Amino acid sequence: DAGVIQSPRHEVTEMGQEVTLRCKPISGHNSLFWYRQTMMRGLELLIYFNNNVPIDDSGMPEDRFSAKMPNASFSTLKIQPSEPRDSAVYFCASSFRAQGASGNTIYFGEGSWLTVV
Amino acid sequence: SQQGEEDPQALSIQEGENATMNCSYKTSINNLQWYRQNSGRGLVHLILIRSNEREKHSGRLRVTLDTSKKSSSLLITASRAADTASYFCATDVRAGTALIFGKGTTLSVSS
């Protein structure tokens, strides 16, 4: 059974370039999360979708960041223009959440390691 | 913003010893979960404890929750070198919200 699939696994880009990270959640899951991990700030929630609708994007750092979920099997996180301080590991995760329920296990992808030089 | 804070930040022990990691959080929660992250990999769920539970076991893992102190502990008994990883607590404050993670405890188990 395939887990959460992220691409690319590693990306090195120059400052000012556009970066697009991709995620395929586990089939049947209805919640999708983008997290960012750095040594300084730990694991931060960027945005959370439920049934393809953004529920909480309060963690998105600034307008340079945008996320979309056009259908239940695909999401993108875009940074435009990228800056060196965006260098981090970006994780996509998914879960199945029944309405009104909490305590669901979330399943992480292996991450996209982004370096902006 | 960080909801949970793990303590200690790093822990080094010998194989066979027990490892205890603590997590404190700020606001009332529905559930608390512990996740593990091997170096260079994604996080993997270990165990969930609900706010009305005080203790839970899973194999060599024992989790406690004290809602009055807003704290939880993860005990790994008879540790193995393969337990070397970072361990994170995560909380959700109400239904429909996303998990918020602490910064983690890095455990190193030497043989």
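Lettering of chains follows the sequences in order, A, B, ..., and the numbering in each one begins at 1. Please read these numbers as outputs of a predicted model, since none were measured by experiment.
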Using the salt bridge (charged side-chain N to carboxylate O under 4.0 Å, His left out) criterion, which residues pair with B:E15? Sequence neighbours excluded.
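Salt bridge (charged side-chain N to carboxylate O under 4.0 Å, His left out) check on B:E15 returns nothing, list empty.
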Given that the side chain runs from C-beta out, which part of [X] has a heavy atom under 4.5 Å from chain B: side chain, backbone, both or neither?
X: A:Y35; result: side chain
X: A:Q6; result: neither
X: A:L45; result: side chain

How would you list, in number order, the residues of residues 32-47 of chain B that have a heavy atom less than 4.5 Å from chain A?
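If one takes a 4.5 Å heavy-atom cut-off, the residues of residues 32-47 of chain B near chain A are B:Q33, B:Y35, B:Q37, B:G40, B:R41, B:G42, B:L43, B:H45.
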Check this for me: [X], atom [atom1], are more than 12 non-hydrogen atoms of other residues, nucleotides or ligands nearer than 6.0 Å?
X: B:R60; atom1: CZ; value: yes
X: B:Q14; atom1: CD; value: yes
X: A:E83; atom1: CD; value: yes
X: B:K56; atom1: NZ; value: yes
X: A:Y107; atom1: OH; value: no
X: B:N52; atom1: CG; value: yes

With rounding to the nearest 0.5 angstrom, report the CG to OH distance, B:L99 to A:Y48.
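Going from CG on B:L99 over to OH on A:Y48, the span is 9.5 Å.
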Can you tell me how far CG of B:N31 sits from CG of A:N104, rounded to the nearest 0.5 angstrom?
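It is 8.5 Å, given to the nearest 0.5 Å.
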I'd like to know whether the aromatic ring centres of A:F108 and B:F101 sit less than 6.0 Å apart in this structure.
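Yes - the distance between ring centres of A:F108 and B:F101 falls below the 6.0 Å cut-off.
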Let me check something: do A:F65 and A:F49 share a hydrophobic cluster, defined by ILVMFWY side-chain heavy atoms less than 4.5 Å apart, either directly or through other members?
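In one cluster: yes.
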Is there a path from A:Y90 to A:L32 through hydrophobic residues (I, L, V, M, F, W, Y) whose side chains come within less than 4.5 Å of each other?
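Same cluster.
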Examine distances only and state if a side-chain atom of B:K103 and a backbone atom of A:M39 form a donor-acceptor pair shorter than 3.5 Å.
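Absent.
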